[in-house]
Novice: 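Submitted below is the structure of interest, expressed as structure tokens.
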Amino acid sequence: MKIVVLTGAGISAESGVPTFRDADGLWEGHRVEDVATPEAYEARPSAVHRFYDARRTALSAVEPNPAHHALARLEEHLGDDLLVVTQNIDDLHERAGSRRVVHMHGELRSALCRGCRSRMPWQADLGDFPPCPRCGVSELRPDVVWFGEIPYEMDRILAAVGESDLFVSIGTSGAVYPAAGFVQVALLNGARTLELNLQPSEGTTLFHEHRHGPAGVLVPEWVASLVTA
Ligand code: BV8
């Protein structure tokens, strides 16, 4: 059975990574267009770097939770028949042991050079505008996909969703496209669809089955049911 799992901020909430739209969410205090758009970066690069440098630093204070670990276990069983597509820019899936992970919105621990377009692993701050190790110009930006920019690996994602037998959405509000549209692609290709989320998402009516509750409980239960089956 080919499975595609789409994850959002909700899967990392129990690890202590703030979500976006919840009361004290990441967007709280920041207008999206002030920190997550190319225009914002053009106008106020230091403010945008402060937002992402703080999130990158905070990553070292959090750990994967049982939901991340359960998906890593599922990959051990399914191998290439499982693909995790995440909207998250944290590295908790990989730190839990998942290998088949697509970061469609980029990664915090990566930098993108606007000069030579190189992408490179990056742990430190970018707010001090360090030179690019490849081309030497100080044009390194957070390697994240901002609003108005094209997400990464769309062809690979749409092919996998189109071939999937089961499409599972975990911890996402279904408010941001094109990710929010993947369930329709799965349905059009005859896949079964399952939502695991704290509360119904904006696209909840598009799922054959819903389980509402914390991912740290729902995902290990779901994986256990699949692995024993
Ligand atoms: C694009 C990186 C063209 C940066 C992010 C169609 C209609 C309307 C608008 C559009 C449209 N198409 C495009 C748009 C514009 C825009 C968009 O969608 N706007 C929205 C606001 C309406 N989209 C774009 O600009 C995209 N680019 O369209 O390019 C294109 C498209 C296709 C092909 C070619 C070209 C680019 C969007 C990417 C922006 N970058 N992140 C950063 O992280 O700072 S988006 C960012 O916000 C996240 O990555 C994520 O995608 C989104 C947040 O959503 P969630 O992850 O779901 O988080 P949220 O807080 O909202 O919800 C958490 C959920 O978890 C809740 O449901 C909650 O109940 C649940 N939960 C909480 N705790 C738990 C839990 N569940 C389980 N357990 C728990 N413990």
Side-chain angles (χ1 to χ4, degrees), residues 6-9 11-12 15-20 25-27 29-64 68 83-161 172 175-182:
L6 174 70
T7 66
I11 199 170
S12 295
S15 295
V17 180
T19 64
F20 289 77
L26 273 172
W27 296 144
H30 295 281
R31 282 171 343 118
V32 170
E33 49 278 12
D34 291 348
V35 286
T37 61
E39 297 75 22
Y41 188 70
E42 278 305 325
R44 293 173 303 283
S46 296
V48 171
H49 277 310
R50 266 196 303 282
F51 179 65
Y52 288 100
D53 286 351
R55 289 168 68 185
R56 192 177 303 104
T57 306
L59 264 188
S60 31
V62 298
E63 294 298 328
H68 298 106
L83 184 69
V84 173
V85 176
T86 187
Q87 300 166 79
N88 300 343
I89 61 177
D90 66 51
D91 59 351
L92 296 178
H93 281 300
E94 289 85 354
R95 281 159 56 187
S98 287
R99 290 291 157 270
R100 294 179 49 77
V101 180
V102 176
H103 284 268
M104 69 179 292
H105 292 163
E107 299 173 69
L108 266 173
R109 287 188 162 156
S110 179
L112 169 65
C113 178
R114 303 199 309 164
C116 64
R117 304 312 295 173
S118 297
R119 303 175 66 194
M120 63 209 81
W122 198 273
Q123 311 301 330
D125 284 357
L126 285 169
D128 49 359
F129 300 95
C132 168
R134 309 267 169 81
C135 72
V137 299
S138 292
E139 281 289 354
L140 293 177
R141 58 161 269 186
D143 185 14
V144 297
V145 176
W146 284 324
F147 287 91
E149 295 184 324
I150 298 174
Y152 285 126
E153 301 197 60
M154 282 300 293
D155 300 347
R156 179 183 176 195
I157 295 170
L158 290 173
V161 172
T172 184
V176 172
Y177 289 78
F182 294 160

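Side chains included, hydrogens not; waters and symmetry mates left out as well; all remaining heavy atoms used.
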Novice: Listed by chain and number, what are the side-chain hydrogen bond (donor to acceptor under 3.5 Å, both in side chains) partners of Asp91, not counting sequence neighbours?
Specialist: Arg95, Arg109
Novice: Which atom names give the shortest non-hydrogen contact between Trp146 and Val35, and what distance separates them?
Specialist: NE1-O, 3.8 Å
Novice: With no hydrogens and no angle check, is any side-chain donor or acceptor of Ser138 less than 3.5 Å from a backbone partner on Phe129?
Specialist: yes
Novice: Honestly, is Arg119 close enough over Tyr152, meaning NZ or CZ under 6.0 Å from the six-membered ring centre and within 45° of the axis?
Specialist: yes
Novice: If you define the side chain from C-beta out and look only at heavy atoms, does anything of Met120 sit under 4.5 Å from Leu140?
Specialist: yes
Novice: Counting only heavy atoms from other residues, nucleotides and ligands, does the tally under 6.0 Å from CG of Asp128 exceed 12?
Specialist: yes
Novice: Tell me, please, which residues at least two apart from Arg100 pass side-chain hydrogen bond (donor to acceptor under 3.5 Å, both in side chains).
Specialist: none
Novice: Please name the pair of heavy atoms, one in Ala124 and one in Arg56, separated by the smallest distance, quoted to 0.1 Å.
Specialist: O-NH1, 3.3 Å
Novice: If I compare all heavy atoms of Leu83 with all of Ala160, which pair ends up nearest, and what's the gap?
Specialist: CD2-CB, 3.7 Å
Novice: Mind checking whether His68 and His93 have parallel, tilted or perpendicular rings, split at 30° and 60°?
Specialist: perpendicular
Novice: Any chance you could measure Thr19, atom OG1, to Asn88, atom CG, to the nearest 0.5 Å?
Specialist: 10.5 Å
Novice: Drop me the distance from Ile89's CD1 to Leu108's CG, to the nearest 0.5 angstrom.
Specialist: 3.5 Å
Novice: If I take atom SG from residue Cys116 and atom CZ from residue Arg134, how far apart are they, to the nearest 0.5 angstrom?
Specialist: 7.0 Å
Novice: Considering only heavy atoms from C-beta outward, does the side chain of Gln87 approach that of Phe20 to under 4.5 Å?
Specialist: no
Novice: Do Thr86 side-chain atoms and His103 backbone N/O form a donor-acceptor pair below 3.5 Å?
Specialist: no
Novice: To the closest 0.5 Å, what do you measure between CD (Glu39) and CZ (Phe147)?
Specialist: 12.0 Å
Novice: Evaluate the side-chain proximity of Leu126 to Asp53: yes if any heavy-atom separation is below 4.5 Å, no if none is.
Specialist: yes
Novice: Are the side chains of Asp125 and Thr57 in touch, meaning some heavy atoms are under 4.5 Å apart?
Specialist: yes
Novice: Is there a side-chain contact between Met104 and Pro178, using heavy atoms and a 4.5 Å cut-off?
Specialist: yes
Novice: Quick check against the 3.5 Å criterion: does Ser12 have a side-chain atom that pairs as donor or acceptor with the backbone of Ala9?
Specialist: no
Novice: So, for Arg117 and Leu112, which heavy atoms are closest and what is the spacing to 0.1 Å?
Specialist: O-CD1, 3.7 Å
Novice: Quick check: do Asp143 and Glu107 have side-chain heavy atoms less than 4.5 Å from each other?
Specialist: no
Novice: Kindly indicate whether the side chain of Asp155, heavy atoms from C-beta on, has any atom under 4.5 Å from the side chain of Leu158.
Specialist: no
Novice: If we only count heavy atoms from C-beta on, is the Arg44 to Arg50 side-chain gap below 4.5 Å?
Specialist: no
